[in-house]
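Computed from a predicted structure; not experimentally measured.
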Amino acid sequence: MLQKIVLLLALVGQVLVLDNGLLRTPPMGWLSWERFRCNTDCDKDPKNCISERLFMEMADRLAKDGWRDLGYIYLNIDDCWIGGRDAKGHLMPDSKRFPHGIAFLADYAHSLGLKLGIYEDMGNLTCMGYPGTTLDKVEQDAQTFAEWKVDMLKLDGCFSTSEDRAKGYPMMAAALNATGRPIAFSCSWPAYEGGLPPKVNYSLLADICNLWRNYDDIQDSWKDVLSVLDWFVLHQDVLQPVAGPGHWNDPDMLIIGNFGLSFEQARAQMALWTVLAAPLFMSTDLRTISPQNMDILQNPLIIKINQDPLGIQGRRILKEKSQIEVFKRPLSDEASALVFFSRRTDMPYRYSSSLGQLKFPKSRVYEAQDVFSGEIITGLRDETNFTAIINPSGVVMWYVYPIKSLEIPKRRSQQ
């Protein structure tokens with residue numbers, strides 16, 4: 001009898017594991033929410049309402065303006081797309097705003113080399129009041145998304161109970177697996193449970209979700225960027241070990257290109273999200289984005305760092321009295337990313353340090369490339385002092401890599 005129980009538990013565990021092999025590096029793409037919210041008035045605002053037209057135009061920009069080729073491949077629909085359910089309970093898009101349906105949009109995205117993401121909610125209603133995915137609808141909705149050829153599902157948690165979420169998120173992982181279609185699974189579950197153990201079981205999350213929202217929604221302001229960053233740093237000992245290939249902490253969207261960040265702050269968000277191994281989901285208008293913000297988001301070296309195959313999340317390693325903070329992320333080939341971040345608001349600050357102070361090994365000589373300027377700093381050893389000039393609310397980011405090992409003299413054995 002005991003053997004039968006153990007076997008049953010093992011089989012249940014296998015069913016609940018989201019074994020889809022997806023998102024071995026943090027996902028990159030575009031998401032509608034922060035910039036376009038729940039604008040459904042297509043009569044007054046046809047260019048910016050949540051509609052088929054909006055997503056097709058963003059898909060065109062992703063494909064034609066270099067985004068796709070750099071890795072920004074997900075085109076993600078957020079809330080406010082649903083029109084209701086048909087007589088058999090199947091989800092339907094709003095027929096006026098999505099006249100050709102979601103499968104048509106998926107085909108359009110795929111024809112451009114992109115992937116389509118969609119949104120639902122593990123509750124009676126979505127956050128904006130549209131029909132949710134209740135427990136009895138999980139399997140049906142998963143099958144619908146698969147039939148539409150959707151590539152990612154974001155499942156929110158509004159209007160649900162803790163019990164609903166504890167049952168529903170693992171059920172949805174199993175249901176997505178059962179469709180046979182690879183669908184990446186973005187879970188908002190931990191954000192609704194405070195983001196921390198014991199209410200959040202990150203070992204379970206890593207088995208059933210490809211990425212998860214831990215904390216509050218980001219708004220279009222520097223204050224919000226700092227709020228998210230502060231929470232992630234405060235709890236980095238919990239969060240850093242649970243991230244890795246196929247399962248990522250998600251500090252929410254990049255707001256670069258909107259209205260709330262200065263140039264320096266935009267660079268800072270990009271660098272800090274990269275060192276945290278965060279998903280890079282832009283939420284801006286790609287039709288009108290400035291060349292300056294485009295350069296930040298399309299920086300090839302910062303994308304290389306974000307997409308590093310080791311998938312190790314970085315952490316803050318120093319907090320100075322000067323209001324300078326240093327973040328470090330280990331990378332493949334014994335390289336590292338360093339971010340020198342200034343919380344000062346007065347003037348540029350000359351920050352001096354050495355690789356030894358930043359816990360680099362003594363047996364190496366390093367070079368560093370400034371991610372934004374391209375400048376190469378050569379001959380860095382553990383004792384070599386360097387100075388980085390960091391603008392207020394800004395960053396200096398380095399890609400640091402070894403160029404050779406130093407011979408360490410061996411002690412002579414005493415005869």
Side-chain angles (χ1 to χ4, degrees), residues 24-26 229 232-233 235-249 267-268 270-278 299-342 349-390 394-415:
R24 306 306 294 172
T25 59
L229 178 67
F232 268 74
V233 169
H235 303 296
Q236 64 183 6
D237 289 343
V238 172
L239 301 175
Q240 192 265 348
V242 301
H247 46 93
W248 308 99
N249 294 306
R267 276 186 166 185
M270 189 70 177
L272 291 162
W273 262 230
T274 291
V275 86
L276 292 175
N299 183 300
L301 183 51
I302 210 167
I303 290 171
K304 175 185 175 179
I305 294 167
N306 177 266
Q307 297 290 292
D308 185 80
L310 283 185
I312 298 173
Q313 181 173 314
R315 56 192 293 131
R316 188 177 72 187
I317 60 171
L318 280 177
K319 182 182 181 181
E320 306 279 18
K321 291 180 180 178
S322 59
Q323 299 183 65
I324 303 300
E325 299 176 15
V326 183
F327 291 75
K328 184 179 180 183
R329 179 180 171 188
L331 304 172
S332 54
D333 300 320
E334 301 181 79
S336 298
L338 288 175
V339 174
F340 306 99
F341 171 48
S342 175
Y349 186 82
R350 298 177 65 86
Y351 177 71
S352 296
S353 188
S354 68
L355 293 188
Q357 289 177 275
L358 304 181
K359 311 301 182 187
F360 280 75
K362 295 181 179 181
S363 59
R364 298 278 184 171
V365 178
Y366 290 87
E367 285 186 350
Q369 182 173 353
D370 187 301
V371 168
F372 292 111
S373 74
E375 179 188 0
I376 303 291
I377 301 96
T378 61
L380 291 169
R381 304 186 184 194
D382 68 299
E383 76 279 6
T384 307
N385 290 320
F386 61 80
T387 298
I389 302 173
I390 315 162
V395 292
V396 169
M397 185 175 189
W398 285 1
Y399 173 63
V400 183
Y401 47 93
I403 53 174
K404 65 178 179 180
S405 298
L406 291 176
E407 289 290 332
I408 300 176
K410 294 180 180 179
R411 284 186 178 181
R412 292 183 179 178
S413 57
Q414 292 182 351
Q415 300 293 326

Exercise for the section: Could you walk me through whether Ile389 and Tyr349 pass the side chain to side chain contact (heavy atoms under 4.5 Å, CB included) test, one step at a time? Expected result: CA-CA 5 Å; Ile389 302 173; Tyr349 186 82; over 6 Å; no

Handout entry: Steps toward side chain to side chain contact (heavy atoms under 4.5 Å, CB included) verdict (Phe386, Trp398)
Key = CA-CA 12 Å; Phe386 61 80; Trp398 285 1; 3.5 Å; yes

Problem - Check against side chain to side chain contact (heavy atoms under 4.5 Å, CB included), Leu380 and Tyr401 - result: CA-CA 10 Å; Leu380 291 169; Tyr401 47 93; over 6 Å; no

Practice task
Kindly determine whether Asp237 and Arg315 satisfy side chain to side chain contact (heavy atoms under 4.5 Å, CB included), including the steps that lead there.
Solution key: CA-CA 9 Å; Asp237 289 343; Arg315 56 192 293 131; 2.4 Å; yes

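Between Phe360 and Tyr366, the angle of the ring planes goes over 60°, which puts this pair in the perpendicular group of the 30/60° scheme.
Contact between Ile305 and Arg329 at its shortest, heavy atoms only, is O-NH1, 3.0 Å. Here the closest non-hydrogen pair linking Gln357 and Leu318 is O-CD1, 4.5 Å. In terms of heavy-atom proximity, Ser336 sits nearest to Pro330 at OG-CA, 4.4 Å. Among all heavy-atom pairs drawn from Pro26 and Ala278, the shortest one is CB-O, 3.5 Å.
Taking the ring axis of Phe372 as reference, the NZ or CZ atom of Arg267 stays within 45° of it and closer than 6.0 Å to the ring centre.
Side-chain contact between Val238 and Val242 is absent, with no heavy-atom pair separated by less than 4.5 Å. In this structure, Leu276 and Asn249 have side chains that are not in contact, with every pair of non-hydrogen atoms separated by 4.5 Å or more. For the pair Leu338/Met397, no side-chain contact is recorded, criterion being any heavy-atom separation below 4.5 Å from C-beta on. Counting heavy atoms from C-beta outward, Leu355 and Thr384 have side chains that stay 4.5 Å or more apart. For the pair Val275/Phe341, no side-chain contact is recorded, criterion being any heavy-atom separation below 4.5 Å from C-beta on. Within the 4.5 Å cutoff, no side-chain heavy atoms of Trp273 are placed close to those of Asn306. Trp248 is not listed as a side-chain neighbour of Gln313, based on a closest heavy-atom distance of 4.5 Å or more. Here the side chains of Ser342 and Gln323 are not in contact, with every heavy-atom distance at 4.5 Å or above.
A donor-acceptor contact shorter than 3.5 Å links the side chain of Gln236 to the backbone of Arg316. Under a 3.5 Å cut-off, the side chain of Lys328 and the backbone N or O of Ala337 do not form any donor-acceptor pair.
Between Asp382 and Arg364, no side-chain nitrogen of the basic residue sits less than 4.0 Å from a carboxylate oxygen of the acidic one, so the salt-bridge criterion is not met.
For the 3.5 Å distance criterion, the side chains of Ser354 and Asn385 fail to qualify, holding no donor opposite an acceptor.
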